[in-house]
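Contents: one structure, followed by commentary.
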Amino acid sequence: MKETMENKLFGKPVIHQEAMRKRIKLLGKKIAKDYEGTDLLIVGVLKGAFAFFADLARAIPIPLEVDFLVVSRLRDKRRKDGGTVKIISNIASDLKGRNVLIVEDIVDSGYTVTFLKKELLKQKPNSLKFCTLLNKPERRKVDVTVDYICFEIPDRYVVGYGLDYKDKYRNLPYIASLDNVIAE
Ligand code: 5GP
């Protein structure tokens, strides 16, 4: 049999495309209601949030601006903060006085959200909120507030729909568990 990404590595999707489509539509409406009449800037955290960001932006039926931020995360279990988060490419827009919504792929330990919050508040936005496709509450190391969550998932490593394993599988159109591969 021909080896494709989908039949080789993964079992059933953890979250199907249709479930994501429905949930994102609802979340988009909720965000639109909360920000209606305000100046909203949504910022995608790359690379992981690229697919979710594109779908979410189109599900928010109010005028808004988009921007992006690229971060790198170097994991180091020996460090108290779990490693270092670095901004590789910063948001081009000025955040001062804006209503900013940061769009993440997944919140795991919470270190990235904590770091971004501290950094971005320096620019004095009018408001700063966080939205994530996936939330893994069992893995939390620091207490963070995530204002909009699409799905809560258990402590499993997942790929697809923007999320990678060694920079691959971001183009899988649904969320799958990587257990089979890690166990190899
Ligand atoms: P944290 O909340 O630990 O600072 O970091 C979240 C980041 O860790 C995510 O943006 C993602 O890059 C990575 N991450 C955490 N859990 C997973 C997972 O299950 N799959 C993938 N692909 N990345 C994950």
Side-chain angles (χ1 to χ4, degrees), residues 4-6 8-17 19-20 23-24 27 42-57 66-91 100-122 128-184:
T4 67
M5 189 168 62
E6 301 193 23
K8 180 173 186 280
L9 299 175
F10 311 109
K12 285 187 184 149
V14 173
I15 306 172
H16 288 267
Q17 279 171 279
M20 279 192 286
R23 181 75 188 108
I24 291 170
L27 194 68
I42 60 171
V43 177
V45 181
L46 299 177
K47 300 175 189 172
F50 84 91
F52 174 48
F53 184 88
D55 287 343
L56 181 68
V66 302
D67 212 323
F68 300 94
L69 165 83
V70 186
V71 296
S72 84
R73 304 169 172 99
L74 295 175
R75 295 189 177 274
D76 184 348
K77 284 188 183 151
R78 289 163 303 179
R79 284 178 57 135
K80 219 175 150 200
D81 60 3
T84 47
V85 186
K86 262 205 320 210
I87 296 180
I88 296 179
S89 172
N90 214 332
I91 305 167
V100 181
L101 178 63
I102 305 296
V103 180
E104 273 272 18
D105 53 354
I106 185 163
V107 180
D108 185 44
S109 64
Y111 290 133
T112 307
V113 168
T114 304
F115 169 82
L116 288 177
K117 194 169 181 185
K118 186 166 154 256
E119 282 305 304
L120 301 178
L121 281 176
K122 290 179 188 164
L128 179 68
K129 287 189 178 179
F130 286 83
C131 173
T132 188
L133 172 67
L134 304 174
N135 184 36
K136 275 190 197 168
E138 286 168 43
R139 298 256 310 166
R140 205 66 99 247
K141 293 280 192 298
V142 280
D143 202 17
V144 288
T145 302
V146 184
D147 306 275
Y148 303 99
I149 296 169
C150 252
F151 296 97
E152 302 255 337
I153 59 164
D155 180 10
R156 285 162 77 180
Y157 197 87
V158 291
V159 294
Y161 198 61
L163 289 108
D164 74 312
Y165 173 63
K166 295 192 175 171
D167 248 333
K168 296 276 192 312
Y169 314 118
R170 294 191 194 274
N171 57 326
L172 193 72
Y174 53 84
I175 300 286
S177 169
L178 201 62
D179 295 350
N180 351 7
V181 176
I182 299 277
E184 272 176 7

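Remember, it's 1-based here, ligands and their atoms both numbered in the order they're listed. Not measured: the values here are computed from a predicted model.
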- Under a 4.5 Å cut-off applied to non-hydrogen side-chain atoms, are C150 and I15 in contact? no
* Can you find a heavy atom in the side chain of F115 that is under 4.5 Å from one in the side chain of I87? -> yes
The atoms of ligand 1 lying under 4.0 Å from a heavy atom of T112, numbered in the order shown, are 1 (P), 4 (O), 5 (O)
Quick look: D105 vs ligand 1, heavy-atom contacts under 4.0 Å, and the answer is side chain
| query | Does G110 have a non-hydrogen atom less than 4.0 Å from ligand 1? | reply | yes
Tested for side-chain contact (heavy atoms from CB on, under 4.5 Å) against L116, the lone hit among L128, L69, V43, V85 is L69
So is K136 touching ligand 1 or not, going by heavy atoms under 4.0 Å?
yes
Counting from 1 in the order shown, the ligand 1 atoms closer than 4.0 Å to a non-hydrogen atom of E104 are 10 (O)
**Asked** Are I106 and V158 close enough that some pair of their side-chain heavy atoms sits under 4.5 Å apart?
**Response** yes
Has ligand 1 got any nitrogen or oxygen that is less than 3.5 angstrom from a nitrogen or oxygen of Y165?
no
- Query: Any side-chain heavy atom of V100 within less than 4.5 Å of one from L120?
  - Reply: no
Would you indicate whether the side-chain heavy atoms of V70 and F68 approach each other to under 4.5 Å? no
Exercise. If you measure every N/O of V107 against every N/O of ligand 1, is any gap under 3.5 Å?
Worked result: no
Query raised in the report: Within the structure, does V158 bring an N/O atom to less than 3.5 angstrom of an N/O atom in ligand 1?
Result: yes
Per-atom filter on ligand 1: closer than 4.0 angstrom to a heavy atom of D164 are 21 (C), 22 (N)
* Verify the neighbour count for atom CG of D155: are there more than 12 heavy atoms of other residues, nucleotides or ligands below 6.0 Å? => yes
Geometric class of the Y165/Y157 ring pair [parallel <30°, tilted 30-60°, perpendicular >60°] | perpendicular
Note: ligand 1 atoms sitting under 4.0 Å from heavy atoms of R156 are 19 (O)
Q. Would I106 count as a contact of ligand 1 if the rule is a heavy atom under 4.0 Å away?
A. yes
